[in-house]
Participant: 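I have a structure here, written as structure tokens, and I will follow up with some questions on it.
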Amino acid sequence: MTSDFKPRSDFVRAMVERGYMHQCSDLEGLDAAFVAGPVTAYVGYDCTASSLHVGSLISIMMLRWLQKTGNNPIPLMGGGTTRVGDPSGKDETRKLLSVEAIEANKASIRQVFENFLDFGGAHAAVMPDNAEWLTKLNWIEMLRDIGRHFSVNRMLSFESVKTRLEREQEMSFIEFNYMILQAYDFVELSRRHGCTLQMGGSDQWGNIVSGIDLGRRMGSPQLYALTCPLLTTSSGAKMGKTAAGAVWLNADLVSAYDYWQFWRNTEDADVAKFLRLFTELPLDEIARLEKLAGAEINEAKKVLADEATALLHGRDAANQASAASKAAFEEGRMTGDLPSLDVDRASLEAGVQLAALVADAGLASSRGEARRLAQGGGVRLNDRQETDGQRLVTLADMDADGVIKLAAGKKKIVLVRAV
RNA sequence: GGGGGAAUGUCCCGAGCGGCAAAGGGGACGGACUGUAAAUCCGUUGGCGUACGCCUUCGCAGGUUCGAGUCCUGCUUCCCCCA
């Protein structure tokens, strides 16, 4: 990992120049492999939820660059490992997902990948599920063929394990075995798909290296590891959480508008970094945007939002989100693209408590919270601050277009319509 | 196997003479200031009700008590020491 290393391959150069590179097992060797011909690489994804969130986006972008530079990407679904159930966390009854649920999650997650990767053509992406091989493993053979290559002493020394033990968090045997399963995945993928590179977040380093080790002992070709930094904002917060919760990638969980807003609200200090990681703008263009200072940097944020949203939701959706945001924030107008809530006309005639409306609109998680929010001056009804959460909202509050504008804070707006 | 300690507000850390919706941080959210930024200051941070109020919370299950996070018994899990 010499800093003056000049990659010759398009892929490694993109990784290095754009800031995806955190650690690599053998950068020069990997670069040479890319120069020699197409490389197949994979990233593993959990399928415990029906969607991935922005935390996974860096690695998705890495796969995209991989394909874009003429190589073969494999997003691997962790259906097998999910079937075991993730025992992390303390005492919550671990929810074992049914096979059907896992399949549904996989299908849903695949939609996201279809936006970023091409599943046809010369360097078609494939999306295998590690259940295909993990569920067929036999305990004794497993111990004999794979288990003997692992040293518990060594496993205990891994950062992920060590911190867990130090923090006195329970770590079940199952979880301890994830490392082994993941290492085996790598070997299996190299066997099945000629995959020689595993990428992932920096927290995966130990697991990936275990896979390389295992591969060497089991006679796989030379395998490589490449990790990216974990995504945090400059102020140190883990990225991907907003008021509404996680920033999911599936459109049915987080709309293009909200997604656009998420990027628009990037901290100044992160803009350049994010432009490199989450857009495909040329570096000189990014360098130009990076120079914008003071309030002008907002222009760069809009570009970031436009580009990032276009990648996930398409250019049209990005433009719409951009226009809706411009209208709402810069011109004080509202468009139909803002989030909305339909309310029964009859109940509006009778009057609905403001707090109830705010809670129903998803701007607060309970009426009590909504009331407190109002008390603190955080609720706006048609742009007027409304501190009384018990105030009744009626049809009289509708504007000429038949819409009531409800806002929590300055950024979260919901349009209420009567139906 | 023996001995000692621990588990608290469902984000985390953490105080808690038997009257407790439970100190204090961090985080998060809101307000002011700004540029839909950061920093700073202020406020909020169990649910339901218009309200005196009602309900649900301190590892789990019982018990003592008018009253239990707090005392007793059993259980679970974790940490430390001795074997």
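The chains referred to below are lettered A, B, ... by the order of the sequence lines, with proteins before strands, and numbering in each begins at 1.
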Participant: Pairing donors with acceptors under 3.5 angstrom, does anything connect the side chains of A:Q204 and A:Q198?
Facilitator: no

Participant: Can you spot which of A:V43, A:V112, A:L52, A:L117 makes a side chain to side chain contact (heavy atoms under 4.5 Å, CB included) with A:P75?
Facilitator: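 Exactly one candidate clears the test, A:L117.
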
Participant: Once you round it to whole Å, what is the distance between P of B:G43 and CD of A:Q385?
Facilitator: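 So the two atoms are 17 Å apart, to the nearest Å.
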
Participant: Could you state the NZ-C1' distance from A:K273 to B:A38, rounded to the nearest angstrom?
Facilitator: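 Those two atoms, NZ and C1', are 14 Å apart.
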
Participant: Out of B:G31, B:G35, B:U36, which has the shortest distance to the side chain of A:D268?
Facilitator: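 Nearest to the side-chain atoms of A:D268, counting from C-beta on, is B:G35.
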
Participant: We want to know whether A:Y45 and A:S59 form a side-chain donor-acceptor pair, criterion being a heavy-atom distance below 3.5 angstrom.
Facilitator: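 Yes, side-chain donor-acceptor contact under 3.5 Å.
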
Participant: Write down the distance separating the C1' atoms in B:C75 and B:C82, rounded off to the nearest Å.
Facilitator: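 25 Å, rounded to whole Å.
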
Participant: Taking the same atom, P, in B:G59 and in B:C13, what whole-Å distance lies between them?
Facilitator: 14 Å

Participant: Does any nucleotide pair with B:G59 by Watson-Crick or G-U wobble geometry, both distances under 3.5 Å, and what is it?
Facilitator: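 Here B:G59 is engaged in a pair, and the nucleotide opposite it is B:C75.
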
Participant: Starting from C1' on B:G35, measure out to NZ on A:K326 and report it in whole angstrom.
Facilitator: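 Result: 16 Å.
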
Participant: Measuring to OP1 and OP2 of B:G46, would you say a side-chain N or O of A:S366 lies under 4.0 angstrom away?
Facilitator: no

Participant: Partner lookup for B:U10, please. Criteria are Watson-Crick or G-U wobble with both distances under 3.5 angstrom; report none if nothing qualifies.
Facilitator: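 By the stated definition (distances under 3.5 Å), nothing pairs with B:U10.
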
Participant: Any strand counts, and the cut-off is 3.5 Å on both contacts for Watson-Crick or G-U wobble. Which nucleotide pairs with B:C17?
Facilitator: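 No nucleotide pairs with B:C17.
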
Participant: A:R391 near the nucleic acid: base, sugar-phosphate alone, or nothing, with a heavy-atom cut-off under 4.0 Å?
Facilitator: nothing

Participant: Spell out, as yes or no, whether a donor-acceptor pair under 3.5 Å connects the side chain of A:N115 to the backbone of A:L312.
Facilitator: yes

Participant: So, A:F274 versus A:W263, ring centres under 6.0 angstrom or not?
Facilitator: yes

Participant: Need the glycosidic conformation of B:C20: syn if within 90° of 0, anti if not. Which one?
Facilitator: syn

Participant: Can you tell me how far C1' in B:G53 sits from the matching atom in B:U8, rounded to whole Å?
Facilitator: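 Those two atoms are separated by 26 Å.
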
Participant: With rounding to whole Å, what would you report as the distance between B:G62 and B:U70 at their P atoms?
Facilitator: 14 Å

Participant: Going 5' to 3' along nucleotides 50-55 of chain B, which nucleotides have protein heavy atoms under 4.0 Å from the base (write B), which only from the sugar-phosphate (write S), and which from neither (write -)?
Facilitator: SS----

Participant: May I ask which nucleotide in the shown strands pairs with B:G1, Watson-Crick or G-U wobble, both distances under 3.5 Å?
Facilitator: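 Checking every strand shown, B:G1 finds its partner in B:C82, with both distances under 3.5 Å.
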
Participant: Now, which nucleotide makes the Watson-Crick or G-U wobble pair with B:A51, with each of the two distances under 3.5 Å?
Facilitator: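 Pairing partner, where one exists within any strand: none, as none qualifies.
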
Participant: In terms of heavy-atom contacts, does CZ of A:R144 have more than 12 from other residues, nucleotides or ligands at under 6.0 Å?
Facilitator: yes

Participant: Under the side-chain hydrogen bond (donor to acceptor under 3.5 Å, both in side chains) rule, what do A:S108 and A:N250 come out as? Steps first, then yes or no, please.
Facilitator: CA-CA 8 Å; A:S108 171; A:N250 279 75; 3.2 Å; yes

Participant: With a non-hydrogen cut-off below 4.0 angstrom, is A:R372 in contact with a base, only sugar-phosphate, or nothing?
Facilitator: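 Sugar-phosphate, no base atom in range.
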
Participant: Which base, if any, makes a Watson-Crick or G-U wobble pair with B:U45, both distances under 3.5 Å?
Facilitator: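 Checking every strand shown, B:U45 finds its partner in B:G27, with both distances under 3.5 Å.
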
Participant: With a 4.0 Å cut-off on heavy atoms, is A:Q261 in touch with a base, just the backbone sugar-phosphate, or nothing at all?
Facilitator: base

Participant: Kindly state whether the ring of A:F113 and the ring of A:F119 have centres lying under 6.0 angstrom apart.
Facilitator: no

Participant: OP1 or OP2 of B:A37 less than 4.0 angstrom from a side-chain nitrogen or oxygen of A:K411, does that happen here?
Facilitator: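 Answer is yes, contact under 4.0 Å.
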
Participant: Please report, rounded to the nearest Å, how far the C1' atom of B:U45 is from the CD atom of A:Q375.
Facilitator: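 It works out to 13 Å between those atoms.
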
Participant: Kindly indicate, with the supporting measurements, whether the criterion side-chain hydrogen bond (donor to acceptor under 3.5 Å, both in side chains) is fulfilled by A:S325 and A:Q261.
Facilitator: CA-CA 8 Å; A:S325 300; A:Q261 279 295 316; 2.9 Å; yes

Participant: Does B:U64 have a Watson-Crick or wobble mate here (both distances under 3.5 Å), and if so which one?
Facilitator: none

Participant: Between B:G30 and B:A21, how many Å separate the two C1' atoms, rounded to a whole number?
Facilitator: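 Their C1' atoms lie roughly 22 Å apart.
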
Participant: Mind checking the P distance from B:G63 to B:U44? Whole angstroms is fine.
Facilitator: 40 Å

Participant: Find the distance A:L363:CG to B:A28:C1' and express it as a whole number of Å.
Facilitator: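 After rounding, the reported distance stands at 16 Å.
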
Participant: Which of these passes salt bridge (charged side-chain N to carboxylate O under 4.0 Å, His left out) with A:E307: A:R276, A:R315, A:K302, A:R264?
Facilitator: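 That would be A:R315; it is the only one of A:R276, A:R315, A:K302, A:R264 passing the salt bridge (charged side-chain N to carboxylate O under 4.0 Å, His left out) with A:E307.
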
Participant: Compare the minimum distances between each of B:A37, B:G47, B:G31 and the side chain of A:K410, then state the nucleotide with the smallest one.
Facilitator: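 Closest of the options to the side chain of A:K410: B:G31.
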
Participant: Please give the distance between the C1' atoms of B:C78 and B:U45 as a whole number of Å.
Facilitator: 29 Å

Participant: Starting the side chain at C-beta, find the nucleotide from B:G30, B:G31, B:G35 nearest to A:L373.
Facilitator: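 Of the options given, the side chain of A:L373 lies nearest B:G30.
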
Participant: Looking at residues 298-316 of chain A, who's got a heavy atom less than 4.0 Å off RNA chain B?
Facilitator: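 Those residues are A:N298, A:K301.
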
Participant: Which is more 5' along RNA chain B, the nucleotide nearest A:G409 or the one nearest A:S365? Just name the residue.
Facilitator: A:G409

Participant: Want to settle it: does A:S325 or A:E369 sit nearer the 5' end of RNA chain B, counting the closest nucleotide to each?
Facilitator: A:S325

Participant: Could A:D383 and A:K405 be called an ion pair, given the rule that one side-chain N must be under 4.0 Å from one carboxylate O?
Facilitator: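 Looking at A:K405 together with A:D383, the answer is yes, because their closest N to O distance falls below 4.0 Å.
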
Participant: Sticking with atom C1', work out how far B:A7 lies from B:C60, rounded to a whole angstrom.
Facilitator: 11 Å

Participant: Round to a whole Å and report the spacing from CG of A:L289 to C1' of B:A37.
Facilitator: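 In whole Å, B:A37 C1' and A:L289 CG are 16 Å from each other.
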
Participant: Send over the distance from A:L354 CG to B:G49 P, rounded to a whole Å.
Facilitator: 14 Å

Participant: For A:D258 and B:U36, give me the distance from atom CG to atom C1', rounded to whole Å.
Facilitator: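 These atoms are roughly 13 Å apart.
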
Participant: Looking only at atom types and distance, does a side-chain atom of A:Q385 sit under 3.5 Å from a main-chain N or O of A:G377, one as donor and one as acceptor?
Facilitator: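 Such a contact is found between A:Q385 side chain and A:G377 backbone.
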
